[in-house]
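Just below is one structure, and these are the notes that go with it.
Because the structure is a prediction, the values reported are computed rather than measured. This chain uses plain numbering: 1 for the first residue, then up along the sequence.
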Amino acid sequence: MNTSILIAPPALVRRAEQQDTQAIQALDSAHFIHPFTDHGDLATRGSRVITHADNIYVWDSEDHKILDAMSGLWCVNAGYGRKELADAAYQQMMTLPFYNTFFQTTNVPAVQLATKLAALAPKVGGRRFEHVFFSSSGSESNDTNVRMVRRYWDLLGQPQRKVIISRNNAYHGSTMAGASLGGMSGMHAQGDLPIPNITHIEQPYFFENALPGESEADFGLRAARWLDEKILSIGADKVAAFIAEPVQGAGGVIIPPSTYWPEIQRIVDKHGILLISDEVICAFGRLGHWFAYEKFGMRPDLVTFAKGVTSGYIPLGGVMVGDRVAQVLVDKGGEFNHGYTYSGHPVACAVALANIELMERENLVVQVRDDTGPYLAERFEELRHHPLVGTAEACGFVAGLLLVKNKATRELFDPDLGVGMMCRAHCFRNGLIMRAVGDRMIIAPPLVMTRAQIDEMVALIRRCLDATVDELRAVGQLG
Ligand code: PMP
């Protein structure tokens, strides 16, 4: 097999890949174990080879231009091709490509980024975030959270407070603790998960869990009170923390009713347990705020971040540590026996600083909050009238559509039909990346997307929905 294309300089690789997709697919299948991929399927159908990108578009090795409505994997907030970020990485690599931050050592970009994040994190209800712990991913950050909250309660002389409550269908990562905190049954089924002392309550998904005739507001309160019931059944003195995404992302963009978060806050405060807001998707402008807890009136003690902090250009994650935890852990805790080689990696931190500077300069967060976010919601609302769409919701720059068999009764399709995957295939064929979670079609576009590009995306979505209807009619699944 011709492997020379893999060691050629980038420009040549780009040209060669266009000619040699099959060779790359064969090597890919032979050597690369992909995340969340069925390798039997990969071997027969081959991977889509993405070769380059610009702004909100990516290109594959056959030179198809595709509008990336998922920002890579919810992360390329600043859009593709941002020279400022590449320059920041280059400069930092030439100055100090790596040094560890263990054992009383630090580096300038890590200090500057921690300072910047502390300034960006809004103070709510007198709670402040003056400290940051760095990792390289969302999963590592949530593993850090598990160790940090247990250490916190140990230091307070309450070592029996071990249980962390999460929600079904949540996504908190793929490491042992991350996947355990997550509420994905398919993940729990592989690797003996969840690990002990992690338990789950139901998610606040109005469509699936509301009672007949129940208002969204009432449902939000009832869903929040599942947490109270769970805490009481375990015993409040055994519960360490509650972790949740402000808007559930990978679970299918589940946006809670407005009554949900204030009631959750009341319940965690009543029992004195810690609140962890997992904002790996929701922070850095995704919902029109630097941090999403501000939007929902949450007062978390710890905030997980990753993805958008560097717009995905280089791996970086971390935990914003609120005063309540910091005062115990940082001020009185002695050595915290935890850390990663790449905690505070200077290149990743330099790219994050450049990314935040770029987002500030282009006013991206406010643009999503006040202009393009509301416009996206308006255009998504129109899709509700499409014959295949049962519900359509948007929040900032995440949005979801539920595909239904019968619009009037909101009857769902047989899951075995894979209607979401069918729709997703039409999206690829029509030059659009949308993600399917069951029969929910979801998006999280780059924050640089303009109103005209939103129109372009919505037109493409409509075309793909129409194509899905045609295919379903052809196989006799729609009247
Ligand atoms: N938390 C949330 C809310 C996420 O969406 C993700 C990733 N999609 C993670 C944690 C895990 O992040 P990573 O893949 O960087 O480990």
Side-chain angles (χ1 to χ4, degrees), residues 10 13-14 32 34-35 50-58 68 70-102 105-117 120 132-144 173-175 178 249 278-286 290-291 303-320 339-362 364-365 444 446-448:
V13 168
R14 196 155 128 186
F32 181 9
H34 290 240
I50 302 296
T51 54
H52 57 288
D54 187 42
N55 186 236
I56 63 163
Y57 304 98
V58 298
D68 182 11
M70 276 306 297
S71 304
L73 207 51
W74 322 82
C75 52
V76 187
N77 291 9
Y80 296 97
R82 306 309 302 254
K83 187 171 177 304
E84 301 92 319
L85 305 193
D87 285 346
Y90 175 80
Q91 292 297 339
Q92 187 56 45
M93 281 187 186
M94 295 308 289
T95 311
L96 179 72
F98 176 75
Y99 201 78
N100 75 73
T101 56
F102 290 30
T105 310
T106 197
N107 68 69
V108 177
V111 175
Q112 286 176 334
L113 181 60
T115 308
K116 182 70 192 174
L117 292 174
L120 282 178
V132 186
F133 184 93
F134 288 118
S135 72
S136 301
S137 69
S139 302
E140 286 179 356
S141 305
N142 281 328
D143 275 44
T144 298
S174 213
T175 49
D278 183 344
E279 306 201 0
V280 166
I281 287 176
C282 294
F284 297 101
R286 177 64 51 207
W290 286 104
F291 289 95
V303 179
T304 321
F305 64 89
K307 297 191 189 274
V309 64
T310 57
S311 283
Y313 277 59
I314 196 163
L316 179 70
V319 178
M320 300 299 299
Y340 307 110
T341 298
Y342 300 127
S343 289
H345 192 290
V347 179
C349 292
V351 172
L353 283 163
N355 179 55
I356 292 168
E357 196 182 303
L358 177 161
M359 288 177 69
E360 284 180 326
R361 197 171 58 243
E362 298 184 359
L364 290 180
V365 179
L447 310 188
V448 289

query = Which pair of non-hydrogen atoms, one from Thr101 and one from Gly344, has the smallest distance, and what is that distance?
reply = CG2-O, 4.0 Å

query = With side chains defined as the heavy atoms from C-beta onward, is the minimum distance between Pro346 and Pro109 less than 4.5 Å?
reply = yes

query = Is the shortest heavy-atom distance from the side chain of Val351 to the side chain of Leu316 under 4.5 Å?
reply = no

ask   = Any donor-acceptor pair under 3.5 Å linking the side chain of Asn55 with the backbone of Gly81?
value = no

request  = Please answer whether the main-chain N or O of Val319 pairs with a side-chain N or O of Ser141 as donor and acceptor at a distance below 3.5 Å.
outcome  = no

ask   = Can you list the residues that meet the side chain to side chain donor-acceptor pair (under 3.5 Å) rule with Thr304, with sequence neighbours excluded?
value = Asn142, Asn145

task = Please confirm whether the backbone N or O of Asn100 pairs with a side-chain atom of Asn107, one donor and one acceptor, at under 3.5 Å?
result = no

task = Taking all heavy atoms of Ile314 and all of Ala348, pick out the closest pair and write down the distance.
result = CG2-CA, 3.6 Å

query = If you take all heavy atoms of Ile356 and Leu113, which pair is closest and at what distance?
reply = CD1-CD1, 3.8 Å

remark   = One should read off an interatomic distance between Glu362 CD and Glu84 CD, to the nearest 0.5 angstrom, of 7.0 Å

remark   = Minimal heavy-atom distance between Gly285 and Val365, with the atoms involved, is CA-CG2, 3.9 Å

inquiry  = Please evaluate residues Thr115 and Gln112 with respect to the criterion side chain to side chain contact (heavy atoms under 4.5 Å, CB included), reporting the C-alpha separation (whole Å), side-chain torsions for both, the decisive distance (0.1 Å), and the verdict.
reply    = CA-CA 5 Å; Thr115 308; Gln112 286 176 334; 5.7 Å; no

request  = Take Leu364 and Val448 through the test side chain to side chain contact (heavy atoms under 4.5 Å, CB included) and record every step on the way to the result.
outcome  = CA-CA 7 Å; Leu364 290 180; Val448 289; 3.9 Å; yes

message = Contact between Ser71 and Lys307 at the side-chain level, heavy atoms closer than 4.5 Å - yes or no?
response = no

task = Quick one: closest heavy-atom pair of Gly178 and Asp143, and the distance?
result = N-OD1, 3.3 Å

Enumerate, atom names and distances included, each donor-acceptor pair closer than 3.5 Å involving a side-chain atom of residues 86-93, sequence neighbours excluded.
from	atom 1	to	atom 2	distance (Å)
Asp87	OD1	Lys83	NZ	3.4
Asp87	OD2	Lys83	NZ	2.9
Gln92	NE2	Leu96	O	3.0

Ser343 side chain to Phe134 backbone, donor-acceptor under 3.5 Å = yes

message = Show, in sequence, the C-alpha distance, side-chain angles and deciding distance for Phe98 and Tyr342, and conclude whether the ring pair (Phe, Tyr, Trp, His ring centres under 6.0 Å) test is met.
response = CA-CA 8 Å; Phe98 176 75; Tyr342 300 127; 5.7 Å; yes

key: Asn77 (side chain) donor-acceptor with Phe284 (main chain) under 3.5 angstrom   = yes

ask   = So, Tyr80 side chain and Gly72 main chain: donor-acceptor pair closer than 3.5 Å or not?
value = yes

key: Note, Val76 side chain near Tyr313 side chain (heavy atom, < 4.5 Å)   = yes

remark   = Heavy-atom closest pair (Pro97 atom, His345 atom, distance to 0.1 Å) is O-CE1, 3.1 Å

request  = Check whether any side-chain heavy atom of Glu279 lies under 4.5 Å from a side-chain heavy atom of Phe291, and answer yes or no.
outcome  = yes

query = So do Phe133 and Glu140 actually touch side chain to side chain, heavy atoms under 4.5 Å?
reply = no

